[in-house]
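As the structure is a prediction and not an experimental result, all values here were calculated from the model. All values below come from the heavy atoms of this structure, side chains included, with hydrogens, waters and symmetry mates left out.
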Amino acid sequence: MKKVLSLVLCAMLVLSLAACGNKGGSNDGKTGVGDTMPLAEMAEKLIEGMGQNDLPMMMPPATLAEMAENVPLENGMTKEQVMDDMFLSNLFIPAIKGAEVVVHEPGMGSIPHSVVLLRLPDGSDVEAVRADIEAHANPAKWVCVEAEKVNVVAHGNTILLVMSQAKTADAITANFNALWA
């Protein structure tokens with residue numbers, strides 16, 4: 001429980017820091033293969049063609065539920081509470097009921113890199129959620145390193161948050177946009 005509490009406190013500390021971001025993308029009403037592609041498959045597609053010089057050693061994409069399976073529940077904490085905490089620590093906004101989230105990050109490393117895909121339920125205000133994530137995203141969420149660039153882009157009901165080196169963030173964003181071209 002102390003580890004979980006420490007992670008939650010670290011996330012809260014990170015959120016208190018000033019965030020910066022790059023406005024990008026839009027919910028322009030275009031439909032494309034990205035509208036129906038499973039998020040885990042999309043996460044893999046976003047890094048296609050990128051070499052080891054562009055990316056750290058990546059773990060397979062994981063849903064919040066899959067990630068929560070590795071967190072021990074102590075002192076009455078529920079899996080739902082763990083998943084809500086993970087939603088906040090990965091997207092920098094409170095959890096959204098019915099949303100699907102996939103996180104694609106390195107297991108460990110000194111290169112700041114995070115790709116998070118969020119698919120909102122039908123009828124959601126996608127642009128408002130995208131803007132909220134952009135306003136709160138913290139490229140210094142890691143202890144000793146900071147991402148060069150933050151891109152938050154939306155198409156349809158899907159939002160991409162990528163924080164990484166500028167070249168890598170732009171390449172992943174271009175791959176995301178191409179799914180709706």
Any chance you could measure Met86, atom CE, to Leu88, atom CG, to the nearest 0.5 Å? 12.0 Å

Sequence neighbours excluded, the answer for side-chain hydrogen bond (donor to acceptor under 3.5 Å, both in side chains) partners of Asn175 is none

Straight-line distance of Ile172 CD1 to Lys167 NZ, nearest 0.5 Å: 12.0 Å

Could you pull out the closest heavy-atom pair between Gly34 and Trp180, with the gap in Å? C-CZ2, 3.3 Å

Between Ala169 and Ser164, which heavy-atom pair has the shortest distance, and what is it? N-CB, 4.2 Å

Can you find a heavy atom in the side chain of Leu118 that is under 4.5 Å from one in the side chain of Thr158? no

Could you pull out the closest heavy-atom pair between Trp142 and Ser114, with the gap in Å? CZ2-CB, 3.8 Å

So which of Val129, Val152, Leu161 actually passes side chain to side chain contact (heavy atoms under 4.5 Å, CB included) with Glu134? Val152

Go through the structure and list residues passing side-chain contact (heavy atoms from CB on, under 4.5 Å) with Ala178, not counting sequence neighbours. none

Val145 reachable from Met59 in the ILVMFWY side-chain graph, under 4.5 Å edges: no

Mind running side chain to side chain contact (heavy atoms under 4.5 Å, CB included) on Leu117 and Ile159 for me, showing each step along the way? CA-CA 6 Å; Leu117 291 163; Ile159 298 173; over 6 Å; no

Starting at CZ of Phe92, measure out to CD1 of Ile133 and round the result to the nearest 0.5 Å. 9.5 Å

So do the side chains of Leu73 and Val82 get within less than 4.5 Å of each other, counting heavy atoms only? yes

Heavy-atom closest pair (Val150 atom, Ala137 atom, distance to 0.1 Å) is CG1-CB, 3.9 Å

Would Glu127 and Asp125 satisfy side chain to side chain contact (heavy atoms under 4.5 Å, CB included), going step by step from the backbone distance to the final call? CA-CA 6 Å; Glu127 180 53 29; Asp125 186 346; 4.1 Å; yes

State whether Lys141 and Glu105 are salt-bridged, where the test is any N-O pair (Lys NZ or Arg NE/NH1/NH2 against Asp/Glu carboxylate O) under 4.0 Å. yes

Heavy-atom pair with the smallest gap, counting every atom of Phe87 and Pro94: CE2-O, 3.2 Å

Going by the angle between their ring planes, with limits at 30° and 60°, are His155 and Phe176 parallel, tilted or perpendicular? tilted

Donor-acceptor contacts, no H, no angles, side chain residues 37-49, under 3.5 Å, sequence neighbours left out:
none

Salt bridge (Lys or Arg N to Asp or Glu O under 4.0 Å) partners of residues 87-101, not counting sequence neighbours, each pair once: Glu80-Lys97

Listed partners of Thr173 passing side-chain contact (heavy atoms from CB on, under 4.5 Å), at least two apart: Asn151, Val153, Leu160, Val162, Asn177

Rounding to 0.5 Å, atoms CE (Met67) and OG1 (Thr63) come to a distance of 8.5 Å

Can you tell me how far apart CD (Glu148) and CD (Gln165) are? Round to the nearest 0.5 Å. 5.5 Å

To check you understand the geometry: which heavy-atom pair defines the closest contact between Pro61 and Val102, and what is its length? CB-CG1, 3.6 Å

Go through the structure and list residues passing side-chain hydrogen bond (donor to acceptor under 3.5 Å, both in side chains) with Asn70, not counting sequence neighbours. none

Show, in sequence, the C-alpha distance, side-chain angles and deciding distance for Asn90 and Val101, and conclude whether the side chain to side chain contact (heavy atoms under 4.5 Å, CB included) test is met. CA-CA 9 Å; Asn90 283 286; Val101 178; 5.5 Å; no

For Lys79 and Ala68, indicate whether the former's side chain and the latter's backbone hold a donor-acceptor pair under 3.5 Å. yes

